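It should be emphasised that the depicted structure is a prediction, and the values quoted were computed from it without experimental measurement. For reference, positions follow the sequence shown, starting with 1.
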Amino acid sequence: MKSRVKALRVVRHGLVFSGLVAVLMGTTSPLSHAQDVTSREGIALQNQILGLKQTLSQMQASQGEGGALPPPSATPATGGGAANGDLVSQLLERVNTLEQQQRDMRGEIDQLTNDLQQKTAALSKQMADSQFAAQAGAGAGAAAGAVPAAATAADTAAAQPTTPDGLLSAGKAALQKRDYDTAHDNAEAALKNAKGAFRVDAQFLLAQSLAGQKQYRQSAVAYYDAYRQSPKSGRAPDALLGVTASLLALGDKKAACEALGKLNKEFPSPAPRVAHAAETFGRKGNCNG
């Protein structure tokens, strides 16, 4: 009878211990989130849990065979219930500590993420402000540069000649640079007020600018007007040469030869330069054939 009572107590003790171990295994389920723990403390904790599992297996095997309960390998034989209770408390405390450390680490990560976002936003704002300041500075520089440019244009306009002599000088300089438009404008401006020899020179400059613009019909008329204004002046032979050259450019050889004949008739002993040009134009127009 006493042996049956003792065996019943052992079975009850085993069932209680089995319940504690089951509670422990259910409570410590958060360890599955820390499978990458490689510290000595984590390894020791896993070893202790493994030892408890082995003890539980031994107890369940002994109960199934009806034998006596063997003492746990990690605790002394006497006072086994109290020792197992202390071990469960220690394991729960360590699990809670690991969970707290994990929460602390997550909090630090969140704080670092917030700091990084704030610094990134501040840097973006600084870059935007710098870009705006650079654009504003460039606009101010362009506006400042526009003032000297406007002043230069005003000075240039003020420096434009207004007298016939000045206009003729500026027009001849433009003609040498092949700026035929400017030469044409200066010649027309000079013709408005020029008189005498200045007027003949202005008309001749107008004819030259038209020829430079390849307006040969207008240039032939302008050259002839220069000749007609002063048929006995030194400009007259050059004006008739201009008429001849413009007509040749138009392809009107007959009219060109007539102008060349007029030149040879009115100026039988021209300057060597004029004589050489007349001979060249005569060959081009086949005027002697």
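- Using a distance-only test at 3.5 Å, with no hydrogens or angles considered, a donor-acceptor pair links the side chain of Thr280 to the main chain of His276.
- Other cluster members for Leu210: Leu191, Leu206, joined by side-chain heavy-atom distances under 4.5 Å among Ile, Leu, Val, Met, Phe, Trp and Tyr.
- Placement of Val221 and Phe204 in two distinct hydrophobic clusters is found when ILVMFWY residues are connected by side-chain heavy-atom separations under 4.5 Å, directly or transitively.
- Other residues, nucleotides and ligands place more than 12 heavy atoms under 6.0 Å from the CZ atom of Phe267.
- Note that CZ of Arg217 and CG of Leu247 are 8.5 Å apart. Values are rounded to the nearest 0.5 Å.
- Residues Pro237 and Gly234 approach most closely at CD-O, 3.5 Å, considering heavy atoms.
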Below 3.5 Å, can you tabulate the donor-acceptor pairs from side chains in residues 256-263 to any protein atom, sequence neighbours excluded?
{"residue": "Lys262", "atom": "NZ", "partner": "Glu266", "partner atom": "OE2", "Å": "2.9"}

With a cut-off of 3.5 Å and sequence neighbours excluded, list every side-chain donor-acceptor pair involving residues 162-171.
{"residue": "Thr163", "atom": "OG1", "partner": "Gly166", "partner atom": "N", "Å": "3.1"}
{"residue": "Ser169", "atom": "OG", "partner": "Asp165", "partner atom": "O", "Å": "3.1"}

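- A salt bridge links Asp238 with Arg273: at least one charged nitrogen is closer than 4.0 Å to a carboxylate oxygen.
- Atom CG of Leu240 and atom CZ of Arg228 lie 12.5 Å apart (nearest 0.5 Å).
- Gln100 meets the side chain to side chain contact (heavy atoms under 4.5 Å, CB included) test with Arg103, Asp104; sequence neighbours excluded.
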Working for side-chain contact (heavy atoms from CB on, under 4.5 Å), residues Tyr227 and Gln229: CA-CA 6 Å; Tyr227 161 77; Gln229 288 179 14; over 6 Å; no
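- Not counting sequence neighbours, the partners of Arg178 by the side chain to side chain contact (heavy atoms under 4.5 Å, CB included) test are Tyr180.
- One hydrophobic cluster, built from ILVMFWY side chains closer than 4.5 Å, holds both Leu248 and Tyr224.
- The structure places CD of Gln213 at 10.0 Å from OG of Ser219, a figure rounded to the nearest 0.5 Å.
- Ser233 places a side-chain N or O within donor-acceptor distance of the main-chain N or O of Ser230, the cut-off being under 3.5 Å.
- Note: Gln218 CD to His184 NE2 = 8.5 Å, rounded to the nearest 0.5 Å.
- Side-chain contact between Glu279 and Phe281 is absent, with no heavy-atom pair separated by less than 4.5 Å.
- Hydrophobic clustering (side-chain heavy atoms under 4.5 Å, transitive across Ile, Leu, Val, Met, Phe, Trp, Tyr) groups Tyr223 together with Val274.
- Within the structure, side-chain hydrogen bond (donor to acceptor under 3.5 Å, both in side chains) contacts touching residues 194-212 (residues at least two apart or in different chains) are Asp201-Arg235.
- For the pair Asp179/Leu175, no side-chain contact is recorded, criterion being any heavy-atom separation below 4.5 Å from C-beta on.
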